[in-house]
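Contents: one structure, followed by commentary.
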Amino acid sequence: MDVNEVIRVRRSIRKYKVKRIEEEKFFRVLEAGRLSPSAANKQPWHFIVITDHEIRRKMKEVYGRSWFYEAPVIIVVCVDPKIAGVRDGENFWKVDGAIAMQSMVLQATEEGLGTCWIGAFHEAVVRKILEIPPHIRVLVMTPLGYPDEVKEKVTKRKKMEEIIHKNKW
Ligand SMILES: Cc1cc2nc3c(=O)[nH]c(=O)nc-3n(C[C@H](O)[C@H](O)[C@H](O)COP(=O)(O)O)c2cc1C
C-alpha cells in the first residue's frame, strides 16, 4: 500500500484474532515508533510491549473491553515529560508521544495488523500493574493483532471546506 491507501484503510479495530504476530512485522511496527520525529529530537518515549498472558489479563482493570486485553499484544506509549522539548512554557510530550503512536498505527496497517487508540484508561492502575516509574506519564495504548472484523474505509470525517482555511483563518 502507498501512504494514501494506508491512511484510508486504517480503522479502529475492536475485534482481534488469536493468531500470533510474526516477529519481523512486530519489529517494523516498533521501529516506526522509534523513527518518529519529536520536538528537538528529544525522543522522550518508551514503549511497553505486553505479550504475557497474565499481565494482559490484569490490563482488564485498566480498560475493561475484552477485545483490548485479549488481543495478542498491547503497546503502551509512555513519555518522560522532563526530557521533552518545550516552547513558551508548553511541553511537547503529548505531541511527541502521539506522533510515535500514529507511526506505529500506520505501520501496523501496512502489515495487515489492527490497532485502536485507547485514551480512556485508568492511568493510576496501569502505572501500578506495569511498575512505571513516577516521573514517566502514560499517554495512550493500543491492542495489536490481526483484525477479526472488516470495516469500510474512513468516511465519517468533516468536509474539507469545514477545516481548511486558505491563506488566513
Ligand atoms: C486520542 C484518542 C483516544 C481514543 N480513545 C479511545 C478509547 O479509549 N476507546 C476506543 O474504543 N476508541 C478510542 N479512540 C478511537 C476513536 O474513537 C476513533 O479513532 C474514531 O472514532 C474514528 O474512527 P476510526 O479510527 O475507525 O477511523 C481514540 C482515538 C484517539 C485519537
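Position 1 is the first residue of the sequence; numbering continues from there. In each ligand, atom 1 is the first atom listed, and ligand 1 is the first ligand listed.
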Taking 4.0 angstrom as the limit and counting only heavy atoms of I118, give me the atoms of ligand 1 inside it, by number and element. 5 (N), 6 (C), 7 (C), 8 (O), 9 (N)
With a cut-off of under 6.0 Å to the ring centre and 45° to the axis, is K17 in cation-pi contact with Y146? no
Is the ring pair Y63/F68 parallel, tilted or perpendicular, if the boundaries are 30 and 60 degrees? perpendicular
Show your reasoning for whether side-chain contact (heavy atoms from CB on, under 4.5 Å) applies to M141 and I75. CA-CA 5 Å; M141 25 195 210; I75 300 174; over 6 Å; no
Atom 31 (C) of ligand 1 protein-contacted, heavy-atom criterion under 4.0 angstrom: yes
Heavy-atom distance to atom 3 (C) of ligand 1: which of C116, G119, P143 wins? G119
Are there over 12 heavy-atom neighbours, none belonging to E131, within less than 6.0 Å of that residue's CD? no
What residue and atom, counting heavy atoms only, is the protein's closest point to atom 21 (O) of ligand 1, and at what distance? R14 NH2, 4.8 Å
May I ask you to check if ligand 1 and A120 share an N or O to N or O distance below 3.5 Å? yes
Nearest non-hydrogen atom to atom 27 (O) of ligand 1 belongs to which of R157, K153, Q102? R157
Heavy atoms of other groups near K151 NZ, more than 12 under 6.0 Å: yes
Is the ring pair H165/W169 parallel, tilted or perpendicular, if the boundaries are 30 and 60 degrees? parallel
What protein heavy atom lies closest to atom 25 (O) of ligand 1? Include the residue and the distance to one decimal. S12 OG, 2.6 Å
Regarding atom 1 (C) of ligand 1: of the candidates Y63, W117, W67, which has the closest heavy atom? W117
Heavy-atom pairs closer than 4.0 Å: do any link ligand 1 to the side chain of F68, the backbone, both, or neither? neither
Is ligand 1 under 4.0 Å from a heavy atom in the side chain of K156, in the backbone, in both, or in neither? neither
Quick one: do E70 and K60 make a salt bridge, cutoff under 4.0 Å? no
Hey, which atoms in ligand 1 end up nearer than 4.0 Å to a heavy atom of R11? 24 (P), 26 (O), 27 (O)
What do the steps show when you test K94 against V79 for side-chain contact (heavy atoms from CB on, under 4.5 Å), and what is the final call? CA-CA 8 Å; K94 288 186 181 178; V79 190; over 6 Å; no
Assess whether atom CD of E90 is packed by more than 12 heavy atoms of other residues, nucleotides or ligands within 6.0 Å. no
Would R65 count as a contact residue for ligand 1, given that I'm defining contact as a non-hydrogen atom of the residue lying under 4.0 Å from a ligand atom? no
Considering only heavy atoms, does R8 approach ligand 1 within less than 4.0 Å through its side chain, its backbone, both, or neither? neither
